[in-house]
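Notes for the one structure printed next.
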Amino acid sequence: MTPPAEPVIGVLALQGDVREHLITLAGCGVVARPVRRPAELDGLAGIVLPGGESTTIDKLSRIFELRDPLVAALRAGLPAFGSCAGMILLADRVLDGRPDQQTFGGLDVTVRRNAFGRQVDSFETDIEMTGLDGGPVHAVFIRAPWVEQVGEGVEVLGRVSHDAPSGADDRIVAVRQGALLATSFHPEVTGDPRVHEVFVAMVRERS
Ligand code: GLN
């Protein structure tokens, strides 16, 4: 069978801002489709785990019996990009999670959930991100996690800049490890496709 000309990238569509990722991916010249059922993992060259509520996505993934095949696909090297809740779901370790909360894991980091605090639930700032041409990326943080500790194989790609709310300066908010990419912020809501383009390039490298 001839492989499709463009890679197919799935967006985990159990909860969260699925539509924004689908639109941004389609703008990057790949075929993007929602994933709700285990069979919809077949044929994917990569998957995006969207922002939303990590505890809800975790629960629904178990109810929909998607968790085990997704974890297996990630362990087998399926490239993945997680934004915000998606970053939490990729992390091996979570602080301030719910006691019963599970992640898919794979990314050797510790993230702190809702780390930027209640008063500053949402803020926007510009981030210098390694690997992005064309200047800083505008980063939108919505009840976002930060990365508190990274393992040896993890490359730090971005930190919050100095005009972020007090106490938040210099926290790690973008990382990559092998085929896994994660940001604390939501590049899918700004109309700037560069972070998704980095992910698409990772997917193309792999496939
Ligand atoms: N606070 C959410 C969580 O713990 C993440 C928020 C987001 O994805 N915008 O999952």
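In each ligand, atom 1 is the first atom listed, and ligand 1 is the first ligand listed.
Closest to atom 7 (C) of ligand 1, if we only count protein heavy atoms, is C84 SG, 2.8 Å. Residue, atom and distance of the protein heavy atom nearest to atom 4 (O) of ligand 1 are R113 NE, 2.6 Å. Annotation: atom 1 (N) of ligand 1 to nearest protein heavy atom, N114 OD1, 2.6 Å.
In terms of polar-atom proximity, I88 is not counted as a contact of ligand 1, lacking any N or O under 3.5 Å from an N or O of the ligand. At under 3.5 Å, not a single nitrogen or oxygen of S83, backbone or side chain, sits near a nitrogen or oxygen of ligand 1. When only interatomic distances are considered, the shortest N/O to N/O separation between A144 and ligand 1 does not fall below 3.5 Å. Geometrically, ligand 1 and H186 share a nitrogen or oxygen pair separated by less than 3.5 Å. Annotation: A85 places an N or O atom under 3.5 Å from an N or O atom of ligand 1; distance criterion only.
Counting only N and O atoms by type, the side chains of Q101 and S54 include a donor and acceptor under 3.5 Å apart. Between the side chains of R93 and T110, at least one donor N or O lies within less than 3.5 Å of an accepting N or O.
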Tell me which donor-acceptor pairs under 3.5 Å the side chains of residues 24-34 have, and how far apart each pair is, sequence neighbours excluded?
unit_1 : atom_1 : unit_2 : atom_2 : d
T24    : OG1    : E20    : O      : 2.7
R33    : NH1    : E40    : O      : 2.7
R33    : NH2    : D42    : O      : 3.0

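Looking at G51, G52, S184, it is G52 that brings a heavy atom closest to atom 6 (C) of ligand 1. The closest non-hydrogen atom to atom 10 (O) of ligand 1, taken over P50, A115, S54, G97, comes from S54.
A donor-acceptor contact shorter than 3.5 Å is absent between the side chain of D126 and the backbone of P136. With hydrogens and angles disregarded, a donor-acceptor distance shorter than 3.5 Å links the side chain of S184 to the backbone of P145. No side-chain donor-acceptor contact under 3.5 Å links R159 to the backbone of I127. Judged by distance alone, with hydrogens and angles left aside, the side-chain atoms of Q15 form a donor-acceptor pair with the main-chain N or O of E53 at under 3.5 Å.
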